[in-house]
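Worksheet: one structure, shown below.
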Amino acid sequence: MTTSVSPQRSSAAPAGAPLPMVQVDGLSHWYGAGEMRRQVLQKVNLTIQPGEVVLLTGPSGCGKTTLLTLVGALRQVQQGSVRVLGQELNGSSRKQRQQLRRCIGMIFQGHNLLRCLSAEQNVQMGSDLLPDLSYRARRDQAREWLRAVGLGDHLDKLPHGLSGGQKQRVAIARALAAHPRLLLADEPTAALDKQSGREVVDLLKRLAREQHCAVLMVTHDPRILDVADRLVQMEDGRLMAAPVPEPTA
Ligand SMILES: Nc1ncnc2c1ncn2[C@@H]1O[C@H](COP(=O)(O)OP(=O)(O)OP(=O)(O)O)[C@@H](O)[C@H]1O
Ligand SMILES: [Mg+2]
């Protein structure tokens with residue numbers, strides 16, 4: 001039997017209000033034990049609606065990746081509430097987190113592509129966990145995703161034969177192949193030049209929009225801040241809203 005991760009309206013939400021994809025309330029987090037115990041998140045609140053693109057910025061070490069991994073159900077919540085797709089992660093079991101992760105696409109800086117697999121096979125892995133899809137259907141979808149990210153001519157290439165921007169596009173295609181409801185991206189443009197970085201985030205935003213998928217993206221890159229519907233800034237483990245800059249020419 002599988003556990004459903006369909007959104008369930010929290011009892012606090014008014015009837016008719018859109019159900020948030022992510023609702024974080026009073027989230028605090030610590031690393032270490034004893035004298036080494038150190039607080040890295042301090043009562044963080046964050047709500048992300050379906051289809052919304054939220055960019056998270058802040059100085060190195062302020063807690064951005066920690067927040068992303070907690071929302072991505074990769075870490076156990078210690079204090080506060082994290083509801084993702086309506087499911088409370090504080091007190092959740094390993095199995096529930098595993099189940100939820102199937103609905104979340106994750107893109108990390110290092111691409112995490114398997115070096116011995118072609119672009120097509122890497123993307124196909126993204127849909128491995130989708131039920132009721134034949135091998136052939138998954139392969140055809142992987143090809144479609146790679147065409148959608150402009151890599152239709154590179155299906156058979158291994159990662160080492162692709163540029164940094166192309167590898168990042170494969171990682172995006174793989175994350176989206178799983179039809180995620182929520183996409184978490186940690187500095188997806190960090191290793192890219194200006195033009196590839198811009199192309200990658202524009203593509204991410206367009207594809208997310210088409211799938212009505214919410215996006216939470218960590219970035220240090222001031223050149224891409226204008227893709228955000230909302231910008232939030234973190235400092236010393238605290239979140240604050242920030243104005244979204246106008247697009248630059
Ligand atoms: N597994 C861990 N164990 C102990 N301390 C950790 C661990 N992971 C992160 N930290 C510490 O927690 C703080 C927040 O780390 P985090 O990776 O969330 O920051 P960040 O904002 O993502 O930084 P960056 O922009 O450099 O990626 C840092 O001081 C870091 O050294
Ligand atoms: Mg980080």
Side-chain angles (χ1 to χ4, degrees), residues 20-31 38-75 77 80 82-84 104-112 164-165 167-169 171-172 175-176 180-209 213-249:
M21 283 282 144
V22 175
Q23 182 145 24
V24 175
D25 289 301
L27 175 67
S28 294
H29 199 81
W30 290 259
Y31 285 120
R38 204 177 135 247
Q39 186 163 8
V40 290
L41 293 182
Q42 315 218 26
K43 298 194 175 152
V44 167
N45 298 320
L46 177 68
T47 304
I48 304 176
Q49 302 295 348
E52 203 179 16
V53 176
V54 176
L55 257 59
L56 172 59
T57 64
S60 182
C62 69
K64 304 179 297 295
T65 298
T66 304
L67 176 60
L68 214 66
T69 53
L70 283 159
V71 171
L74 292 166
R75 232 179 245 297
V77 175
V82 179
R83 290 183 83 86
V84 178
I104 303 176
M106 298 193 207
I107 302 168
F108 291 101
Q109 197 180 328
H111 320 296
N112 295 322
K167 278 189 270 209
Q168 199 59 292
R169 285 157 185 250
I172 290 174
L176 290 168
R181 316 270 304 279
L182 171 67
L183 197 63
L184 302 174
D186 201 350
E187 305 199 35
T189 63
L192 306 181
D193 62 49
K194 185 177 176 185
Q195 194 189 338
S196 320
R198 166 54 61 177
E199 281 172 11
V200 160
V201 287
D202 283 344
L203 178 77
L204 231 166
K205 179 162 182 168
R206 182 168 61 79
L207 296 177
R209 275 274 141 78
C213 170
V215 178
L216 175 59
M217 190 190 308
V218 170
T219 185
H220 276 123
D221 189 347
R223 302 166 306 188
I224 61 162
L225 298 182
D226 58 284
V227 301
D229 294 318
R230 199 148 50 86
L231 198 58
V232 285
Q233 223 158 0
M234 184 171 265
E235 221 172 295
D236 289 335
R238 290 192 178 83
L239 269 195
M240 50 210 111
V244 177
E246 293 293 322
T248 49

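Heavy atoms only: backbone and side chains are in, while hydrogens, waters and symmetry mates are out.
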By salt bridge (charged side-chain N to carboxylate O under 4.0 Å, His left out), Arg75 pairs with (sequence neighbours left out) none

Quiz item: Under a 4.5 Å cut-off applied to non-hydrogen side-chain atoms, are Leu204 and Val53 in contact?
Solution: no

dist Leu183:CG -> Ile107:CD1 (nearest 0.5 Å) comes out at 4.5 Å

Separation between CE (Met234) and CD (Gln42), nearest 0.5 Å, reads 9.5 Å

Value for CG (Leu56) from OG1 (Thr65), rounded to nearest 0.5 Å, stands at 8.5 Å

Here the gap from Leu27 atom CG to Asp25 atom CG, rounded to the nearest 0.5 Å, amounts to 9.5 Å

**Prompt:** Taking C-beta and beyond as the side chain, do Leu41 and Leu70 meet within less than 4.5 Å on heavy atoms?
**Reply:** yes

Are Asp229 and Arg209 ion-paired here, with the side-chain N under 4.0 Å from a carboxylate O?
yes

*Flag side-chain contact, heavy atom, 4.5 Å: Glu52 against Met21*: no

Answer whether the closest heavy-atom distance between the side chains of Glu235 and Cys62 falls below 4.5 Å.
no

Ser28 side chain to Lys43 main-chain N or O, any donor-acceptor pair under 3.5 Å? yes

CG (Leu55) and OG1 (Thr219) are apart, to the nearest 0.5 Å, by 6.0 Å

Residues at least two apart in sequence or cross-chain that pass side-chain hydrogen bond (donor to acceptor under 3.5 Å, both in side chains) with Thr189, listed by chain then number, are Asp221

Nearest heavy-atom approach of Val82 to Val71 is CG1-CA, 4.2 Å

query: Salt bridge or not for Lys64 and Glu187, using N-O below 4.0 Å?
result: no

Donor-acceptor contact below 3.5 Å, side chain Asn45 vs main chain Gly26: yes

Taking atom NZ as the centre, does Lys205 end up with more than 12 heavy-atom neighbours from other residues, nucleotides or ligands that are less than 6.0 angstrom away? yes

Could you tell me whether the side chain of Thr47 reaches within less than 4.5 Å of the side chain of Gln49, counting heavy atoms only? yes

ask   = In terms of heavy-atom contacts, does CG of Asp236 have more than 12 from other residues, nucleotides or ligands at under 6.0 Å?
value = no

Note: Pro180 and Ala175 closest approach over all heavy atoms is CD-O, 3.3 Å

Q) Looking at side-chain heavy atoms only, is the closest gap between Val227 and Arg198 below 4.5 Å? A) yes

Note: Ala214 and Pro50 closest approach over all heavy atoms is CB-CA, 4.4 Å

Taken to the nearest 0.5 Å, the spacing of Met217 CE from Leu184 CG works out to 10.5 Å

Worksheet item: Where the side chain of His220 meets the backbone of Gly58, is there a donor-acceptor pair that is under 3.5 Å apart?
Response: yes

### Query
Considering only heavy atoms from C-beta outward, does the side chain of Leu46 approach that of Leu216 to under 4.5 Å?
yes

